[in-house]
Participant: 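Let me give you the structure first, and then I'll get to my questions.
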Amino acid sequence: MRVSEKAGRFTESVIREMTRLAIKHDAVNLAQGFPDFPAPEEIKEAACRAIREDCNQYAITWGAESLRVALAAKMRRFYGLDVDPERQICVTCGATEAMFSAILAIVDPGEEVIVFEPYYENYGPDAILSGAIPRFVTLREPDWSFDPQELAAAFNDRTRAIIVNTPHNPTGKVFSQQELAIVADLCRKWDVIALTDEIYEHMVYEGEHLSLASFPGMEDRTVTISGLSKSYSVTGWRVGWTIASPALTDGIRKVHDFVSVGAPAPLQEAGAVALAQPDDYYTRLTAAYRERRDLFLPLLEATGFRCFPPRGAYYVVTDISGFGSTDDAAFARWLVTEVGLASVPGSSFYHRPEDGRQRIRFSFCKKPETLRAAGDRLARMRSSGLRPPGSRGS
Ligand code: PLP
């Protein structure tokens, strides 16, 4: 039986496929970006309390008031932004739905959306499903900077939006003040909306996280997207949000209502408790992730993976050319089945798969013992002489 032309134009998420292979082969799963450690006790307790107190029916479609008020307070506290919780917030089923609903609400079929590449794999299907045409701008190794002229050349009369993901998945890039100022200038010049995916806002190891909405003239032309998943280690709760001008929020709320009706009501109540965590919660979160990064990268390097050290988020892109391997997917499949370590093939982050053929992404949002277990498997790979497919001598 045939599926729609749109659904036929993209494949199943490679990341989730790798997770399934990891389970099948009892591998250490450094593919999908979810923590393997417990969520904070206080937040879990708030969720249980909300359920016990019978907060079990639909919340207001655009979000429980308590969460919207807590979010407005957090935006003031961290970014100095004044957000009206009544008119500028739409709570969604994760940042995933936030981005999808925002694109559907803002971009007409045939209009262009600029995407920095490599990119989080969801943006591709988001564009296809909404009928938008993606225009890719390359982030260049080793520091994942972009060429301002290439970016400027990507803007034209058909450009409706640009997606900016900072801190960035998969590279760990944290967009600088200067870079965001260039993006902001171009958005103003071409009357373009910025869709900023800031889901890793609290995971910055070098530099600082800057919100594009706080740049001059950007407040009304930015949709700021984030969620509970990463900052509070609850990726399964599916609570995210958009913050935008009242006019854009009206459109996003309408789409969201028909896409998902609303995010889980009791988890929104717990979200309000999460967002009110004191500053030292975030300081500890960042420090713990920095430690994981500093533990894991040397283990990769010692095995022959060349790392591009991330400045934020919790992934590392590695270069596998030292193994002589030219097929990232075969390499990742071999790594999970033979070595017992799940990763994500680099080609899933590029619109031309060949651009990622010698890249593999690992996530390090795991307990230190999980990362050490990954290190043990890498050490066994080294000492046993196991050879990846396509490598010299295999
Ligand atoms: N945006 C980026 C850049 C991500 O890496 C991820 C998850 O890996 C998401 C969004 C998903 O966020 P959520 O769980 O809130 O849907």
Side-chain angles (χ1 to χ4, degrees), residues 13-19 22 29-36 39 43 63 67 71 89-104 113 115-127 129 134 139 144 161-175 194-204 209 211-212 223-243 252 256 259-260 262-264 267-268 270-271 274-275 289 310-317 342-344 346 348-350 361-366:
S13 156
V14 180
I15 298 180
R16 287 177 270 287
E17 182 198 346
M18 288 309 288
T19 290
N29 186 0
L30 303 187
Q32 205 173 352
F34 61 84
D36 67 347
I43 299 172
L67 179 57
L71 190 50
I89 295 174
C90 181
V91 176
T92 56
C93 292
T96 302
E97 195 237 333
M99 182 62 79
F100 189 45
S101 290
I103 294 181
L104 283 174
V113 175
V115 180
F116 289 102
E117 182 175 58
Y119 56 88
Y120 173 52
E121 63 167 0
N122 281 33
Y123 305 150
D126 283 351
L129 291 171
L139 297 175
W144 308 106
I162 178 169
I163 296 178
V164 180
N165 169 214
T166 182
H168 184 256
N169 173 10
T171 66
K173 174 185 175 65
V174 176
F175 281 70
L195 306 168
T196 68
D197 182 338
E198 305 184 22
I199 193 89
Y200 299 103
E201 61 190 304
H202 294 296
M203 286 155 209
V204 175
H209 173 64
S211 221
L212 197 55
V223 180
T224 304
I225 293 171
S226 191
L228 298 182
S229 283
K230 314 287 178 175
S231 302
Y232 310 99
S233 309
V234 289
T235 58
W237 281 17
R238 316 307 308 128
V239 179
W241 50 77
T242 62
I243 299 173
I252 296 168
H256 155 75
V259 167
S260 70
L267 305 183
Q268 294 191 49
L275 294 179
Y289 275 113
R311 299 164 70 87
Y314 51 46
Y315 307 96
V316 55
V317 174
S343 60
V344 179
S348 13
F349 304 105
Y350 289 89
R361 188 200 78 176
F362 295 92
S363 53
F364 55 83
C365 50
K366 308 293 171 186

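Order of listing sets the numbers, starting from 1, for every ligand and every atom in it. These numbers were taken from a predicted model, which means no experiment stands behind them.
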Participant: Considering both backbone and side-chain atoms of Arg238, is one of its nitrogen or oxygen atoms within less than 3.5 Å of a nitrogen or oxygen in ligand 1?
Facilitator: yes
Participant: List ligand 1 atoms under 4.0 Å from Gly94, heavy atoms only on the residue side.
Facilitator: 15 (O), 16 (O)
Participant: Evaluate the side chain to side chain contact (heavy atoms under 4.5 Å, CB included) criterion for residues Phe349 and Val344: first the C-alpha distance (whole Å), next the side-chain angles of each, then the deciding distance (0.1 Å), finally the verdict.
Facilitator: CA-CA 9 Å; Phe349 304 105; Val344 179; 3.7 Å; yes
Participant: Is a donor from one side chain sitting under 3.5 angstrom from an acceptor on the other, for Glu198 and Ser211?
Facilitator: yes
Participant: Quick test: of every protein heavy atom, which one is nearest to atom 9 (C) of ligand 1, and how far off is it to 0.1 Å?
Facilitator: Tyr120 OH, 3.5 Å
Participant: Could you check if a side-chain atom of Thr166 sits within less than 4.5 angstrom of a side-chain atom of Lys173, using non-hydrogen atoms only?
Facilitator: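 Not touching, per the 4.5 Å side-chain cut-off.
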Participant: Might you point out which heavy atoms bring Val113 and Ile163 nearest each other, and give the distance in Å?
Facilitator: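 Minimum heavy-atom separation between Val113 and Ile163: CG1-CG1, 3.9 Å.
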Participant: Ser229 heavy atoms, cut-off 4.0 Å: which ligand 1 atoms fall inside?
Facilitator: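 Listed by number with element: 13 (P), 14 (O), 15 (O).
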Participant: Which residue and non-hydrogen atom of the protein lie closest to atom 11 (C) of ligand 1, and at what distance in Å?
Facilitator: Thr96 OG1, 3.4 Å
Participant: Nearest protein heavy-atom contact for atom 3 (C) of ligand 1: which residue, which atom, what distance?
Facilitator: Asp197 OD2, 3.3 Å
Participant: Please state which part of Tyr315 comes within less than 4.0 Å of ligand 1, counting heavy atoms only: side chain, backbone, both or neither.
Facilitator: side chain
Participant: N/O of Ala95 under 3.5 Å from N/O of ligand 1, yes or no?
Facilitator: yes
Participant: If I apply the N/O under 3.5 Å rule, does Lys230 come out as touching ligand 1?
Facilitator: yes
Participant: Any nitrogen or oxygen of Thr235, main chain or side chain, under 3.5 Å from a nitrogen or oxygen of ligand 1?
Facilitator: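 Among all N and O atoms of Thr235, none is under 3.5 Å from an N or O of ligand 1.
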Participant: Taking the cut-offs as 6.0 angstrom to the six-membered ring centre and 45 degrees off its axis, would you call Lys366 and Tyr314 a cation-pi pair?
Facilitator: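 No, Lys366 does not sit over the ring of Tyr314.
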Participant: Taking the ring of Tyr289 and the ring of Tyr200, is the distance between their centroids below 6.0 Å?
Facilitator: no
Participant: State, without any angle test, whether Ser348 and Glu121 hold a side-chain donor-acceptor pair at a distance under 3.5 Å.
Facilitator: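 Their side chains do not contain a donor-acceptor pair, so the 3.5 Å distance test is not met.
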Participant: Check each atom of ligand 1 against the heavy atoms of Asn165 and keep those under 4.0 Å away; list them by number with element.
Facilitator: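 Reading through ligand 1 atom by atom, the close ones are 3 (C).
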Participant: Given the side-chain rings of Phe175 and Phe116, with only the six-membered ring counted for Trp, is the space between their centroids under 6.0 Å?
Facilitator: yes
Participant: How close does the nearest protein non-hydrogen atom get to atom 4 (C) of ligand 1, and which residue and atom is it?
Facilitator: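 So the nearest neighbour among protein heavy atoms is Tyr200 OH, 3.5 Å.
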